[in-house]
Number of protein chains: 2
Amino acid sequence: MSNSTKDKFDQLLQIVRTVSDLRAAASLLEWDQETYMPRGAMDARSRQVSTLYSTSHEIFIRDRTGELLDQLQDIQSDPLGFQESLIRVTKRDYSRARKLSPQLVGKIAETTSKAKSAWAKANSENDFSAFSDHLQQVIDLSIEKAEAIGYLDHLYDALLDEYEPNATSAQVKNIFDKLRTSLVPIVDAIKDDPAPESDFIHYSYDGDIQWDFGMEVLRDIGFDFQRGRQDISAHPFSTSFSINDVRLTTRIHERNLVSGLFSSLHEAGHGMYEQGIVNDLDGTFLAQGTSLGMHESQSRLWENQVGRSYAFWKCYYRDLQQRFKTSLGNIPLETFYKAINRVRPSAVRVDADEVTYNLHIILRYEIELMLIQGEVPINELPELWNDKMNEYIGIEPENETEGILQDIHWALGAIGYFPTYALGNLMSAQIFSCAQEAINDLENQISTGQFHPLRQWLQSNIYQWGRKLSAIEIIERLTSGGISTQPWLQYIQKKYSDIYKSLS
Amino acid sequence: MSNSTKDKFDQLLQIVRTVSDLRAAASLLEWDQETYMPRGAMDARSRQVSTLYSTSHEIFIRDRTGELLDQLQDIQSDPLGFQESLIRVTKRDYSRARKLSPQLVGKIAETTSKAKSAWAKANSENDFSAFSDHLQQVIDLSIEKAEAIGYLDHLYDALLDEYEPNATSAQVKNIFDKLRTSLVPIVDAIKDDPAPESDFIHYSYDGDIQWDFGMEVLRDIGFDFQRGRQDISAHPFSTSFSINDVRLTTRIHERNLVSGLFSSLHEAGHGMYEQGIVNDLDGTFLAQGTSLGMHESQSRLWENQVGRSYAFWKCYYRDLQQRFKTSLGNIPLETFYKAINRVRPSAVRVDADEVTYNLHIILRYEIELMLIQGEVPINELPELWNDKMNEYIGIEPENETEGILQDIHWALGAIGYFPTYALGNLMSAQIFSCAQEAINDLENQISTGQFHPLRQWLQSNIYQWGRKLSAIEIIERLTSGGISTQPWLQYIQKKYSDIYKSLS
């Protein structure tokens, strides 16, 4: 690299660091808002977060950034080099950011801010008609946004690309059609099987003891508490302000023995991904998970493939029994294992089990696509929702709050986001089956509490790259193919045929 | 206000809000660093905080800010109006900020960053010679800074003005000379009196019970937990990110019954000041305590005039005894009261009692002045320090760690900061004596736990103004005079003559 090129790269790096630092600060303000902030601080906090994002956006989209990127485009020796990767990823983000005019960004912010309040009210009052106009505005603006960003094949591609770079609507449709076709009969078959006993999950379990057990598990699987922490919040989430400062939150229900633990495992999966990014990338746009789908694959892997496995509970069940002797003393491991894997069709996505979950996502994707294509009038959505729920999961929501109104995502303007949940589930199975092939005796390791080899393998194959590799590139390196439904369907078939006879 | 003037003011307000929001974010990052941040996050956090401050500084000192201020200088109808006050205060801050070149600001940041590390090492190794060169550089840069800012009478004025706007070195010297002359004989007289019994303060007291008691007291005196909170940190401090988000920290020692409580009261005094600023000022430069001295007067008022008073413990001692029956059951109120007001000359400022504390400050001020005037070579400082300690407080530090090296302030470049501690003590007594005159039966109210009238009086006379009035203006409104030593000396004389016979 010549001196003048080096100088230009340093200038670009300076802009990237400033923008990253301002965004990290915004994330900390948001974390604090959900954990420790006093209630009265809400108004000031909203303004501060918005100032941080708008200031970082202004600094990023200056002409100077584009000039530097243009002048630096010849550096193309090693596609995985730090400079090359940073320039590539920054160029992508810059190009998207510049295409959205401040007017459009402002209009989206204003509309979604109102839509969010309207959704909260509509949700609590079970009244979709109070939200429908707002939703229509969000859809109209999403179309305007997609037009501004541009796309090759389909409007929806431009929206999806924000959350799952390079994925296309055609790919997703193809994958989801296959998935739905295989999954609906499985759910249908399970429904007529006798349900495993699970009442004991809902006895009363002391919150502090649950917390301590969860912390022990997080330490064991390798979440680094020197570079992260766990707190309590109303809705579990994970966030990071640096790869050395990763925060998880969980929520503990005294009347549910495992929901807090599985939340913790899920968020720790996200968190270990961020902690595992190679140190040199910190403070730049490269130091993030490479897509929402890949991120979700990591949370789901630890929550489901590991955390809901028989091997995992061979290791931990005795410990849990010791902590809750009265309630669990007479419950055998097999009964416990079946209880935490009980399939129970639910109207509500966040309550869904591992098997039915993807159908909730497919339904949302299909409706989003119809909305973007103008194929369904807003006022017919509740009925469409209920029909699809009935068709896919065999259940009808009792009201709009538990139906069309259950998720906040659309009110936030997040159209194109939902598919990443299901893509994450599929990738988690692809990745885990590669890990099983690569690591001798993985199941036995898990059943004896040895998580280091698995984490190390994920570190080498996924975590370390940050955004240097895209999700698709990672999957291609591992499987020589793309995102596929087969490993996940096989995993479900194999696991659940032990629990439900109709599948075996 | 004409439309064009209104438009200009709105533009100025927009800049002020952005700068305030970025600074508030920096403060939250600093708060988090001292409370919840994982250890491994230190490097990233330092960079992020520095980015926030430098970005806010860059936005503030743009030419546009100065142009708007110039164009708005004719608005002068009501000096206490929002617009007028904001323009006045912003002009003051802008003028100071512009006088410091980015080169000088950078040099100071670099020098103090190194000085801070050197000080920490020198402090832990009891070796002033490892810090002295750094101190010399800090002094040289402080002189350069004072020259850049400008002053009427004395270099030191320009430094003092950063922390205590409009105060001058001549005023401070005059006040401190009087104070020292009266105080040294008092300390000297007390020394030969028998010391009150106080061993029981250092029995073992459960930390959680101490915490609960402190929280109850904070609620009672009126710290608003809907708009603030208290946490634990290694060094107690208070900070705010909005008048509706004020954070206190304290530290609890199981071997000291009262140090945690008095820290809490001290920080809550700072915190209630910020919470009491009138809501309209929030998110601007007006929504802060008007000077460090005035801030300290509010913390000291609640810590000492209220918290260490006999009336206060008439109200609370029974409660405290109930919580610690074994240790306090046989200790009468009078014994407890004398123990928490024991005067014990100490080499270390932060361990000093109410009586000797100001002498620690006067000593530092005198040495700072000599340094700025080049009247003492750096290598003679330890001896000068010890001589003055001996002369004023009658004690000699056993080593440099407990002598010249005890405070971090100089390493941070904070020359001109120390005087505000003593000015705060003096103002606290002036203010409290005005409150006593204004509020019928204040002592009796305190002894029955009625703190509302006192807080309300402080709200009206001090809190509400934010920076609309300067410290001097507030004192003039209350006393028709300036900062004076008499009320504090009278308070000390009256209170301590009940405890030490030699004073009566």
query: Would one find more than 12 heavy atoms of other residues, nucleotides or ligands at under 6.0 Å from atom CG of B:Asp43?
result: no
message: Please check if the number of heavy atoms outside A:Asn3 that lie under 6.0 Å from its CG is greater than 12.
response: no
So for [X], is it side chain, backbone, both, or neither that comes closer than 4.5 Å to the heavy atoms of chain B?
{"X": "A:Phe225", "result": "backbone"}
{"X": "A:Ile59", "result": "side chain"}
{"X": "A:Met37", "result": "both"}

query: Hey, is B:Arg47 close enough to A:Asp282 for a salt bridge, meaning N to O under 4.0 Å?
result: no
Smallest separation among heavy atoms of B:Gln226 and A:Pro38, with atom names: O-CB, 3.5 Å
field: Options B:Ala25, B:Ala24, B:Ser20, ranked by heavy-atom pairs under 4.5 Å with chain A, top entry
entry: B:Ala25
- request: With a 4.5 angstrom heavy-atom cut-off, could you sort out which part of B:Thr55 is near chain A: side chain, backbone, both or neither?
  value: side chain
message: I need the B:Asp231 CG to A:Tyr36 OH distance, nearest 0.5 Å.
response: 7.5 Å
message: Between A:Trp31 and B:Asp32, is the side chain to side chain contact (heavy atoms under 4.5 Å, CB included) condition met? List the steps.
response: CA-CA 11 Å; A:Trp31 170 86; B:Asp32 180 73; 3.6 Å; yes
- prompt: Only one of B:Arg45, B:Gln48, B:Arg39 clears side chain to side chain donor-acceptor pair (under 3.5 Å) with A:Asp245; which?
  reply: B:Arg45
